[in-house]
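FYI, side chains are in, hydrogens and waters are out, and symmetry mates aren't considered; it's all heavy atoms of this structure. From a predicted model like this one, the values you see are computed outputs, not experimental measurements. All residue numbers refer to positions in the sequence shown, counting from 1.
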Amino acid sequence: MQVEGINPAVLVWARKTAGLSSEDAAHRIGLSSTQKESGVEKLAALERGERLPTAAQLTKMAAVYHRPLLSLYMSEPPRTADRGEDFRTTAVPVATDEAARLDALVRDVRARHAILRDMMTEDEDAGPRAFIGSLSITTPIPQAVRRVRDALGIVNDSDVRGGASKPADLFAELRRRVEALGVFVILLGDLGNYRTAISPNVFRGFAVADDLAPLIVINDQDAKAAWAFTLIHELVHLFVGSTGVSGAPTTVQPHTLAARVERFCNDVAGEVLLPSQAIVSYGKMTTARDVIELAEMLSDIWKVSAAMAAYRLWRSGKADDQAYSEAVAVMAQRWRLHRQNEKEKAKQKESGPNFYTVKRHRLGDALLTFVGRNLRADVVTHTTAAKVFGVKPGAVEGLLAGVQGLGGARPARGR
């Protein structure tokens, strides 16, 4: 049955803000090609208003575009989604499709967070997190570092690095400590499949500085060695009380308030992970090669990314602007080649981690445990839990099967 009264401009808006080309959208919606007309041409006719969509097509569009079905019935396209503050200071332009994907990801995170906050409001054991908004960007860096370290229970550097043989170990330990503060930490860098992946050049992290349900998103398309820095950087955003999207550190001068906030978060996170005393004895470097060599050595010792170590060298006055910028460009190119090689190797493997293992890692213990506990207490349904997890309702019990202390599975209720 065809549906009248649909504004074609809304269909165009929904597709573009989902970051999909006409080709991808037509394929995922299921608009098949015939000898007379291709799927792309069918979609174009719908988006020009020359053809009315069916109810089934609208339902499929809503799912593919990550939109509520009712949004496709709006009379006009709405304004761009609110990302909070945009703390990214990079001068590199972002492609329209990736910017649209970022908006879709932020919208998805906001929807999940709204559910979490409602659940937290009903939780008798939950209360405001006092550290949210407890720092100012005028706080001296050493004082801010002490506050963050104290909150994480870091007395000395061996506390978090004692058992770390690689950056992933450091991240896992820091994530555990951040989640113990009542922060949900999610790894999320796409809209559900590899075709919608969002480059770390577009965003590194996203923080929701809510005092009841604080949340951090880390772009898992980024190098794993960079996750620890992004995690602590976003944690500092929570301490400052600033919600928004962050990018990679740059040499851009912090003339705006958002840029000053970003510089503050970078400096505090850098000092937490790679203290000044670790680099104070090194002399000034004026070539990218020298910066890279020392950054890689520090990276190996401190289990952080070489790019983050280079940033600390630059901010500590050990590397000049040009040497630092050139070093970052070289390291970024090396990482892109490494990532491409890893993708090729993955294609050749017959198997890898199963869906549930990967999904649990991305969602984190704090989120799985909290939502799982509410599900077992009949506070939420499998449908609601699935929305928070970003899966279908039928996958919820498979995810919770790997979480300790939740008891056996419950039959799904779909309200």
Side-chain angles (χ1 to χ4, degrees), residues 66 101-102 104-120 123 126 129 168-194 196-198 200 203-208 210 212-222 224 226-228 230-232 234-235 238 352-377 379-407 409-410 412:
H66 302 278
R101 288 175 202 161
L102 175 59
L105 182 141
V106 170
R107 189 169 57 248
D108 177 51
V109 170
R110 291 285 203 176
R112 297 193 201 191
H113 177 262
I115 298 172
L116 283 173
R117 199 180 200 290
D118 286 344
M119 293 167 60
M120 196 69 74
D123 192 329
R129 313 300 177 183
D169 298 331
L170 174 62
F171 171 74
E173 177 60 21
L174 289 171
R175 184 186 199 181
R176 183 186 68 79
R177 292 173 183 247
V178 171
E179 289 184 333
L181 293 177
V183 180
F184 298 108
V185 180
I186 302 174
L187 300 172
L188 185 64
D190 60 43
L191 301 178
N193 59 71
Y194 72 93
T196 58
I198 304 173
F203 94 106
R204 290 287 183 91
F206 178 57
V208 181
D210 180 86
L212 200 57
L215 184 147
I216 289 173
V217 175
I218 296 172
N219 188 347
D220 62 356
Q221 302 299 316
D222 202 356
K224 292 182 180 179
W227 291 359
T230 301
L231 174 62
I232 303 304
E234 299 303 330
L235 177 63
L238 298 184
N354 67 36
F355 168 82
Y356 293 111
T357 300
V358 173
K359 197 68 178 179
R360 286 189 203 106
H361 178 58
R362 289 177 174 171
L363 293 172
D365 291 339
L367 185 66
L368 288 165
T369 301
F370 177 71
V371 176
R373 181 161 52 82
N374 278 270
L375 181 65
R376 294 293 182 259
V379 175
V380 298
T381 65
H382 283 77
T383 300
T384 300
K387 290 179 181 177
V388 177
F389 292 155
V391 299
K392 294 181 180 179
V396 170
E397 287 300 335
L399 285 173
L400 297 180
V403 181
Q404 295 181 350
L406 291 181
R410 297 284 182 88

Using the salt bridge (Lys or Arg N to Asp or Glu O under 4.0 Å) rule, collect all pairs that involve residues 175-186, keeping only residues at least two apart or in two chains.
-> Glu173-Arg176, Glu173-Arg177, Arg175-Glu179

Quick check: does any side chain N or O of Trp227 sit under 3.5 Å from a backbone N or O of Leu170, one acting as donor and the other as acceptor?
-> no

Mind listing the closest non-hydrogen atom pair of Pro214 and Gly182 along with its distance?
-> CG-O, 3.5 Å

Apply side-chain contact (heavy atoms from CB on, under 4.5 Å) to Ile115 and Lys387, showing your working.
-> CA-CA 8 Å; Ile115 298 172; Lys387 290 179 181 177; 3.9 Å; yes

Spell out, as yes or no, whether a donor-acceptor pair under 3.5 Å connects the side chain of His113 to the backbone of Ala213.
-> yes

May I ask you to test the Arg204-Glu234 pair for a side-chain heavy-atom distance under 4.5 Å?
-> no

Starting at CD1 of Ile216, measure out to CG of Leu188 and round the result to the nearest 0.5 Å.
-> 14.0 Å

Would you call Leu116 and Leu367 a side-chain contact if the rule is heavy atoms closer than 4.5 Å?
-> yes

Stepwise side-chain contact (heavy atoms from CB on, under 4.5 Å) test for Leu238 and Leu181 | CA-CA 11 Å; Leu238 298 184; Leu181 293 177; over 6 Å; no

For Leu191, check side chain to side chain contact (heavy atoms under 4.5 Å, CB included) against everything at least two apart and list the hits.
-> His66, Arg101, Ala104, Leu105, Thr196

Nearest heavy-atom neighbours spanning Asn219 and Gly189 | OD1-CA, 3.3 Å

Heavy-atom check, side chain of Thr384 versus side chain of Val371, under 4.5 Å | no

Not counting sequence neighbours, which residues clear side chain to side chain contact (heavy atoms under 4.5 Å, CB included) with Asn374? List them please.
-> Met119, Phe370, Val379, Val380

Should Leu400 and Tyr356 count as side-chain neighbours, where that means a heavy-atom distance under 4.5 Å?
-> no

What is the distance from atom OG1 of Thr230 to atom CG of Leu187, rounded to the nearest 0.5 Å?
-> 10.5 Å

Beyond-backbone contact of Phe355 with Val391, side-chain heavy atoms, under 4.5 angstrom | yes

Non-hydrogen side-chain atoms of Met120 and Phe184 separated by less than 4.5 Å | yes

When you look at Leu102 and Phe206, which way does the side-chain contact (heavy atoms from CB on, under 4.5 Å) test go after all the steps?
-> CA-CA 10 Å; Leu102 175 59; Phe206 178 57; over 6 Å; no

Phe389 vs Leu368 side-chain heavy atoms within contact, under 4.5 Å | yes

Student check: side-chain heavy atoms of Ile218 and Ile186 closer than 4.5 Å | no

From Phe203 atom CZ to Ile198 atom CD1, the distance as rounded to the nearest 0.5 Å = 5.5 Å

Backbone N/O of Leu215 and side chain of Asp210: donor-acceptor pair under 3.5 Å = no

Looking only at heavy atoms, what is the nearest atom pair of Thr357 and Asn354, with distance?
-> N-OD1, 2.8 Å

The salt bridge (charged side-chain N to carboxylate O under 4.0 Å, His left out) partners of Asp118 (sequence neighbours excluded) come to none

Please list all pairs passing the salt bridge (Lys or Arg N to Asp or Glu O under 4.0 Å) test where one or both residues lie in residues 183-194, with sequence neighbours left out.
-> none

Within residues 359-369 or reaching into it, pairs that qualify as side-chain hydrogen bond (donor to acceptor under 3.5 Å, both in side chains) - sequence neighbours excluded | Asp220-Arg362

